[in-house]
Amino acid sequence: MRPAPTILHLDMDAFYASAEQAAKPSLRGKAVVVGGLGPRGVVATASYEARRLGVHSAMPTAQARRLAPNAAYLVPRFSLYRTVSDQVMELLGRLSPLVEPLSLDEAFVDLEAGGTADDSASARATGEGLRAAIRAVTGLSGSVGLAGSKMLAKIASEEAKPDGLLVIEPGTERELLAPMSVRILPGVGPATGDHLRRAGMTTVHDLAEAGEAELVRLVGKAHGHGLFRMALGLDDRPVVAERDAKSVSVEDTFDVDLHDRVRVRAEVERLAVRCVERLRAADRSGRTVVLKVRRYDFSTLTRSETLRGPTDDPTVVREAAGRLLESVDTTGGVRLLGVGVTGLADYTQEDLFAQAADARELAQRALEHHVPTAEGGEEEAVPEAEAESAEQLAARRWPAGHDVHHEEHGHGWVQGSGIGRVTVRFEEPWSAPGRVLTFRIDDPQLRPADPLPLVRESPDYSSWPASLPKSRSSGAGSSEGGESSP
């Protein structure tokens, strides 16, 4: 534990949904749900307006629609979220060389290592400066927790939500944690929480009072020892700048079980291409290809094949995944498919000329057969054997919430499509709510478009955070913990 709250945890507020509201003026202040929209879709993020209606992450979209029938239901736009995430992570990198990203919208920062804070006052000033910078650059809000450990910093950011900042002063940890539910502690999920509840322990105070020996008896030596330390507010984990990924994978759940073997093979090939794209984006290669198949009865099978050396060649991965599929019985139906690569390395042992030729082939295929996926909205290559009717193909090109451009009306986004029509609202992040028009799905003047930036003219933060206070003498703000308003 540190003597000063110099570990910062940032968590963007309802990230995907907030980004969609920022991009679409007509949705600001309204319930927005982002996720898979099919019968088996799952909520990725819900806006705070939707959360007040009972919608939450990981909930089936069908259930969310019953709770919030008038909400806007949108397919994720990961290209936008990654762009905004990169902007946020760049700002965090200016605070310290030790930034530990946990996801696109969440990260730890060691302010002490960056020299941007050494006491409560300077830590608070840095946190407030960060929140202001994020809002100016991205138009979005984030909640900040500051404490002497990673566990407490994360708890502080959760307590500060939405759009707040909380400082936990060293020495006040036990008092703060005591009345909280045991579920607030890392590693205490529903099963462990229920087990502790049956033993009469529902709060962190109960865990501390029970003692280490009793917790070890209840949940085992390793977990019991760690649980007792966390109940006392103790956590010595350092902020780690880089996490070495152990695998790269992609998967899709299908709205309707797949029975056609040709279709299953085509989906596996598309997933292999997506997996290689992620692998190359991370500048990695891998030696073992893994296929995941979840069948109609929810039984899940995995098969793997280890190659002679690391590769990032889409043909090699695609063919390996195809061979693995041959060993799986899919006659009863398939509800989920996944392709992954493990045994990652920073180099390849394949023919570079063959890779280049294959990349050109895949690019040509992608140009000939573009189809957006139901979940991620990213365009994938579809083999000719799986070509759909013109209307089916066009209908899948217009996922709800995705960007379009019309030659006459300009930039807009898809409100919905069906029965040969696509409905578009024409507006931009910095405009007033726009008008709604409906077109034929094959209108030659309408085409998919890239997302617009959320902020029209991003301010220059090239010298930030040089002006932030770094010492007790120059620190600004109170040293008392608590939430601050924006």
Side-chain angles (χ1 to χ4, degrees), residues 1-13 15 18 81-138 140-170 173 186 233 235-245 461-472 474-477 479 481-484 486:
M1 294 293 296
R2 297 185 177 186
T6 54
I7 293 182
L8 180 149
H9 180 259
L10 169 73
D11 196 353
M12 300 295 289
D13 299 322
F15 182 47
S18 294
Y81 311 147
R82 291 189 188 101
T83 297
V84 176
S85 176
D86 289 344
Q87 292 175 311
V88 172
M89 296 302 167
E90 198 276 335
L91 290 172
L92 296 182
R94 290 179 175 274
L95 295 176
S96 173
L98 293 183
V99 176
E100 182 178 340
L102 303 180
S103 62
L104 289 176
D105 63 335
E106 186 180 1
F108 287 109
V109 185
D110 187 335
L111 300 180
E112 185 177 291
T116 47
D118 58 11
D119 63 359
S120 297
S122 56
R124 176 183 289 276
T126 300
E128 291 289 14
L130 173 64
R131 292 177 60 230
I134 289 173
R135 185 177 291 278
V137 171
T138 70
L140 304 180
S141 68
S143 295
V144 168
L146 291 152
S149 70
K150 290 168 69 173
M151 179 188 77
L152 291 167
K154 184 172 175 62
I155 290 174
S157 69
E158 186 64 30
E159 292 295 302
K161 280 185 168 294
D163 195 17
L165 179 148
L166 180 66
V167 178
I168 297 180
E169 294 290 343
E173 299 91 351
D235 176 22
D236 297 324
R237 294 174 299 159
V239 176
V240 180
E242 292 185 8
R243 289 185 166 190
D244 193 20
Y461 270 80
S462 58
S463 61
W464 187 81
S467 59
L468 286 173
K470 299 181 182 180
S471 67
R472 298 176 188 274
S474 61
S479 63
E483 184 173 338
S484 64

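When a residue number appears, it is its place in the shown sequence, counting from 1. If you're wondering where the values come from, they're calculated on a predicted model, not measured in any experiment.
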Open item on the list: Under 4.0 Å between a side-chain nitrogen and a carboxylate oxygen: does that hold for Glu158 and Lys154?
Closed with: no
Can you give me the closest heavy-atom contact between [X] and [Y], atom names plus distance?
X      : Y      : value
Phe108 : Val239 : O-CG1, 4.0 Å
Ser96  : Val109 : CB-CG1, 3.7 Å
Leu98  : Ala241 : CD2-CB, 3.8 Å
Gly148 : Ile7   : O-CD1, 4.0 Å
Leu8   : Gly127 : CD1-CA, 4.1 Å
Ser141 : Asp163 : CB-OD1, 3.5 Å

To the nearest 0.5 Å, what is the distance between [atom1] on [X] and [atom2] on [Y]?
X      : Y      : atom1 : atom2 : answer
Trp464 : Leu130 : CH2   : CG    : 5.0 Å
Arg124 : Leu165 : CZ    : CG    : 6.0 Å
Met89  : Arg82  : CE    : CZ    : 13.0 Å
Leu92  : Gln87  : CG    : CD    : 12.0 Å
Glu128 : Leu146 : CD    : CG    : 9.0 Å
Leu111 : Thr126 : CG    : OG1   : 5.5 Å

Spell out, as yes or no, whether a donor-acceptor pair under 3.5 Å connects the side chain of [X] to the backbone of [Y].
X      : Y      : value
Ser157 : Asp11  : no
Ser18  : Leu140 : no
Ser122 : Asp118 : yes
Lys150 : Asp236 : no

Open item on the list: Run Arg2 and Asp110 through side chain to side chain contact (heavy atoms under 4.5 Å, CB included) and show every step you take.
Closed with: CA-CA 11 Å; Arg2 297 185 177 186; Asp110 187 335; 2.5 Å; yes
- [ ] Scan side-chain atoms only and decide if Asp13 and Ser143 contain a donor-acceptor pair under the 3.5 Å cut-off.
- [x] yes
Task: Stepwise side chain to side chain contact (heavy atoms under 4.5 Å, CB included) check, Leu104 with Met12 - done: CA-CA 9 Å; Leu104 289 176; Met12 300 295 289; over 6 Å; no
- [ ] Taking the side chain as every heavy atom from C-beta outward, state whether Ser120 and Pro5 have any pair of such atoms under 4.5 Å apart.
- [x] yes
Open item on the list: Would you say that Pro465 contacts Leu95 through its side chain, given a criterion of any heavy-atom pair below 4.5 Å between the two side chains?
Closed with: yes
Task: Val84/Phe15 under side chain to side chain contact (heavy atoms under 4.5 Å, CB included): CA gap, chis, key distance, verdict - done: CA-CA 10 Å; Val84 176; Phe15 182 47; 3.7 Å; yes
TODO: For Thr138 and Leu91, run side chain to side chain contact (heavy atoms under 4.5 Å, CB included): C-alpha distance rounded to whole Å, both residues' side-chain angles, the deciding distance at 0.1 Å, then the answer.
DONE: CA-CA 11 Å; Thr138 70; Leu91 290 172; 5.7 Å; no
